[in-house]
Amino acid sequence: MSDDLTKRGLPDQRRINVNEPWEVKAWGEKFGVTEAQLRAAVKAVGVMAKDVARHLGKPYP
């Protein structure tokens, strides 16, 4: 499924796509972390948002 850039927000609440700058920005804002922190968390635990949230010590949803 391709991303529709006319739609704002988080398109897939389960995965974080660090190759899409607007997703990195949205997830960073959601978790209250920098881009570097988000990318490091994804590198450490994978793309599943629940795992990244747990790693960052943030609530998921």
Side-chain angles (χ1 to χ4, degrees):
M1 179 168 129
S2 65
D3 290 328
D4 183 351
L5 298 179
T6 63
K7 294 182 181 178
R8 299 286 181 201
L10 304 173
D12 184 346
Q13 294 292 317
R14 297 170 295 153
R15 298 180 192 277
I16 299 173
N17 183 352
V18 295
N19 296 315
E20 292 289 349
W22 61 276
E23 274 198 45
V24 171
K25 182 178 182 212
W27 282 108
E29 289 173 1
K30 178 174 177 60
F31 291 138
V33 298
T34 66
E35 177 180 339
Q37 291 171 313
L38 181 68
R39 288 182 183 277
V42 169
K43 186 175 183 180
V45 298
V47 299
M48 299 307 292
K50 66 179 180 173
D51 297 334
V52 173
R54 188 178 320 116
H55 181 79
L56 294 170
K58 306 291 182 175
Y60 175 75

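In what follows, residues are counted from 1 in the order of the sequence shown.
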Apply side chain to side chain donor-acceptor pair (under 3.5 Å) to Q37 and list each qualifying residue two or more places apart in sequence or on a separate chain.
T34
Should Y60 and I16 be counted in the same cluster of Ile, Leu, Val, Met, Phe, Trp and Tyr side chains packed under 4.5 Å apart?
no
According to salt bridge (charged side-chain N to carboxylate O under 4.0 Å, His left out), who are the partners of R15, at least two apart in sequence or on a separate chain?
none
For residues K58 and V33, report the shortest heavy-atom separation together with the two atoms involved.
CE-CG1, 4.2 Å
Over all atoms of both residues, closest heavy-atom pair of N17 and E23:
N-OE1, 3.2 Å
Enumerate, atom names and distances included, each donor-acceptor pair closer than 3.5 Å involving a side-chain atom of residues 46-56, sequence neighbours excluded.
residue: D51; atom: OD1; partner: R54; partner atom: NH1; Å: 3.4

To the nearest 0.5 Å, atom NZ of K30 lies from atom CH2 of W27 at 6.0 Å
